[in-house]
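The shown structure was predicted, so the numbers you read here are calculated from the model rather than taken from an experiment.
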Amino acid sequence: MKRYFVLLGLAVGVTVIIGVAAIVMLHSEKSVVAAANAAVADEGPMPELGGAVAWLNSTPLSRESLRGKVVLVNFWTYSCINSLRELPYIKSWAAKYKDAGLVVIGVHAPEFGFEKERANVENAVRELKVTFPVPIDSNHRIWQAFRNEYWPADYFIDGKGRVRYHHFGEGEYDKSERVIQELLRENGVTGLDASTVRISADGAEAPPSDDVRSPETYVGYARAEKFASPGRFAQDSAKIYSLPARPSLNQWGLGGSWNVGAESAVLQKAPGKIAFRFHSRDLHMVLAQPKNGKPVRFRVKLDGATPGEDHGVDSNADGAGEIRQPRMYQLIRQKGGVRDRLFEIEFLDPGAQAFSFTFG
């Protein structure tokens with residue numbers, strides 16, 4: 001809310017009357033609170049948190065046990081680039097407002113089959129240094145209770161157990177933090193630090209670039225788009241594929257012997273390749289090793305050459321890397337200008353599983 005104060009000064013002479021007016025706009029903490037208050041309408045009662053297969057970092061929590069607390073319910077999954085880029089903010093808010101009564105709950109709702117496995121989620125939570133409560137929602141029971149459809153998704157609940165605000169996807173972090181502050185003030189908290197957190201993240205958690213023209217792309221036939229290898233998928237059976245000769249932007253293809261399932265493609269015999277023409281600073285792939293757990297070696301190239309300084313955190317300057325666990329791998333981070341590039345990855349061992357491409 002803008003508040004205006006008018007100061008009028010009048011000086012009266014024999015023949016001249018001079019009027020001076022000045023308008024001063026004040027941005028006070030009250031105006032910030034008012035703006036946040038306007039965003040926090042009542043969206044109904046908080047749904048229950050039952051149905052998780054396990055809880056990490058906490059005993060199971062419920063709607064009733066959280067009454068009197070301000071709660072942020074964050075839906076995420078550990079191989080999702082959008083969830084990973086939001087995570088530094090979620091962790092910072094959990095730490096900053098813990099003593100003021102904020103409870104952050106990171107509902108891990110899987111997208112891919114391997115994210116349903118407790119051991120994989122435990123490993124990801126440990127490596128990502130997530131310390132707030134994480135219910136493993138492998139059957140999407142909590143997801144369904146909230147009628148959620150997005151990764152990430154944030155629901156803000158007041159001390160009376162009412163959902164007061166929600167935000168889907170990345171961004172608008174200042175606004176979300178202002179909502180947290182307003183709900184804490186409503187709950188009787190005083191002396192809050194009214195500033196908002198500033199994040200400096202690297203690796204996969206770094207913000208995306210301003211020039212991303214490639215969309216998330218799935219490898220499994222259930223959601224695959226712009227597949228450009230000659231011929232169609234042989235669904236759920238092995239087939240020899242050849243890479244497209246001149247893929248257009250955002251087209252991709254397979255080379256070698258692959259079994260393409262609904263969710264992923266599995267390399268039947270090494271070597272095997274995947275190529276993608278993309279336009280972004282970063283290129284990531286969700287990959288997994290075979291079910292026997294053996295690591296899979298790979299090499300990546302940009303426009304037919306080793307990536308050099310444009311390698312990602314999971315590949316080196318020569319393009320070499322290994323799949324050792326099912327997760328998202330950052331394979332390219334370009335240091336110079338962004339333009340259309342041809343990415344290739346060659347797997348040197350059988351059993352590699354490829355799920356999707358994401359960009360940033």
Evaluate the side-chain proximity of [Y] to [X]: yes if any heavy-atom separation is below 4.5 Å, no if none is.
X	Y	result
Leu342	Leu302	no
Leu331	Asp282	no
Asn57	Val125	yes
Phe168	Asp154	no
Val73	Phe146	yes
Arg63	Leu49	no
Phe347	Pro271	no
Lys69	Leu102	no

Inset, instruction - Any chance you could pull the hydrophobic cluster mates of Leu249, using side-chain heavy atoms under 4.5 angstrom and chaining through other members? - result: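 Grouped by the 4.5 Å side-chain rule, Leu249 forms a cluster of one, so the answer is none.
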Closest approach of [X] to [Y] (non-hydrogen atoms, all atoms of both residues):
X	Y	value
Ala194	Arg185	CB-NH2, 4.1 Å
Leu61	Val103	CD1-CG1, 4.4 Å
Pro110	Asp137	CD-O, 3.3 Å
Met328	Ala204	CE-CB, 3.5 Å
Pro290	Val296	CD-CG2, 3.5 Å
Pro295	Arg324	CG-NH1, 3.5 Å

Legend entry - Hydrophobic cluster membership, Trp93 vs Val107, 4.5 Å side-chain cutoff: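 No, Trp93 and Val107 fall in different hydrophobic clusters.
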Inset, instruction - Find out if a path of hydrophobic residues (ILVMFWY) with successive side-chain heavy-atom gaps under 4.5 Å connects Val300 to Phe357. - result: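 Yes, same cluster.
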Inset, instruction - For side-chain contact (heavy atoms from CB on, under 4.5 Å), just list the numbers for Val212 and Val338, CA-CA rounded to whole Å, side-chain angles, deciding distance to a tenth of an Å, and then say yes or no. - result: CA-CA 9 Å; Val212 180; Val338 175; over 6 Å; no
Inset, instruction - Could you tell me which residues satisfy side chain to side chain contact (heavy atoms under 4.5 Å, CB included) with Ser92, sequence neighbours excluded, listed by chain and number? - result: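 Val197, Ile199.
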Legend entry - Residues forming a side chain to side chain contact (heavy atoms under 4.5 Å, CB included) with Ala262, sequence neighbours excluded: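 Result, side chain to side chain contact (heavy atoms under 4.5 Å, CB included) vs Ala262: Tyr221, Ala222.
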Legend entry - Contact list for residues 98-124, test salt bridge (Lys or Arg N to Asp or Glu O under 4.0 Å), sequence neighbours left out: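 Every pair satisfying salt bridge (Lys or Arg N to Asp or Glu O under 4.0 Å) with a residue in residues 98-124: Glu111-Arg223, Arg118-Glu122.
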Under a plain distance cut-off of 3.5 Å, with no hydrogens placed, do [Y] and [X] share a side-chain donor-acceptor pair?
X	Y	answer
Asn120	Gln325	no
Asp340	His279	yes
Gln334	Arg341	yes

[atom2] on [Y] to [atom1] on [X], rounded to 0.5 Å:
X	Y	atom1	atom2	answer
Tyr165	Glu182	OH	CD	13.5 Å
Ser280	Arg333	OG	CZ	10.5 Å
Trp76	Tyr78	CH2	OH	9.5 Å
Phe132	Leu56	CZ	CG	11.0 Å
Thr77	Asn82	OG1	CG	11.5 Å
Lys301	Glu346	NZ	CD	7.0 Å

Taking everything shown except [X] itself, do over 12 heavy atoms lie less than 6.0 Å from its [atom1]?
X	atom1	answer
Lys129	NZ	no
Asp236	CG	yes
Arg299	CZ	no

Under the side-chain hydrogen bond (donor to acceptor under 3.5 Å, both in side chains) definition, can you give me all pairs with a residue in [range], not counting sequence neighbours?
range	result
residues 140-153	Asn148-Tyr155
residues 188-206	Asp174-Thr196, Asp174-Arg198, Asp193-Ser195, Thr196-Arg198
residues 249-273	Ser214-Asn250

Given 3.5 Å as the limit, does a donor-acceptor pair link the side chain of [X] with the main chain of [Y], or not?
X	Y	value
Gln330	Gly312	no
Asn292	Lys294	yes
Thr217	Pro215	yes

Inset, instruction - Could you please spell out the steps behind the side-chain hydrogen bond (donor to acceptor under 3.5 Å, both in side chains) verdict for Tyr173 and Glu86? - result: CA-CA 9 Å; Tyr173 300 118; Glu86 185 191 51; 5.1 Å; no
Inset, instruction - Check the pair Tyr97, Leu72 against side-chain contact (heavy atoms from CB on, under 4.5 Å), reporting the backbone distance first and the verdict last. - result: CA-CA 11 Å; Tyr97 299 106; Leu72 167 56; over 6 Å; no
Legend entry - With Ser62 via side chain to side chain donor-acceptor pair (under 3.5 Å) - residues at least two apart: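 Scan of Ser62 (side chain to side chain donor-acceptor pair (under 3.5 Å), adjacent residues dropped) gives Ser65.
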Inset, instruction - Applying side chain to side chain donor-acceptor pair (under 3.5 Å), name anything that partners Ser356, two or more places apart in sequence or on another chain. - result: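 Scan of Ser356 (side chain to side chain donor-acceptor pair (under 3.5 Å), adjacent residues dropped) gives none.
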Inset, instruction - Measure the acute angle between the ring planes of Phe355 and Phe114, then classify it against the limits of 30° and 60° as parallel, tilted or perpendicular. - result: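 Judged by the thresholds at 30° and 60°, the geometry between Phe355 and Phe114 is perpendicular.
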Legend entry - Pair Phe359 and Phe276, ring centroids less than 6.0 Å apart: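 Under 6.0 Å, so yes.
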Inset, instruction - Check step by step if side-chain contact (heavy atoms from CB on, under 4.5 Å) holds for Glu225 and Glu216. - result: CA-CA 10 Å; Glu225 295 180 323; Glu216 182 174 15; over 6 Å; no
Listed by chain and number, what are the ring-ring contact (aromatic ring centres under 6.0 Å, His included) partners of [X], not counting sequence neighbours?
X	answer
Tyr329	none
Phe298	none
Tyr218	none

Legend entry - Charged N-O contact under 4.0 Å between Asp158 and Arg164: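 Salt bridge present between Asp158 and Arg164.
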Inset, instruction - Using a strict cut-off of less than 4.0 Å between a Lys/Arg side-chain nitrogen and an Asp/Glu carboxylate oxygen, indicate whether Glu170 and Arg85 qualify as a salt bridge. - result: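 So Glu170 pairs with Arg85 through a salt bridge.
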Inset, instruction - Go through the steps for Asp42 and Arg162 under the test salt bridge (Lys or Arg N to Asp or Glu O under 4.0 Å), then give the verdict. - result: CA-CA 7 Å; Asp42 191 329; Arg162 310 291 294 184; 3.1 Å; yes
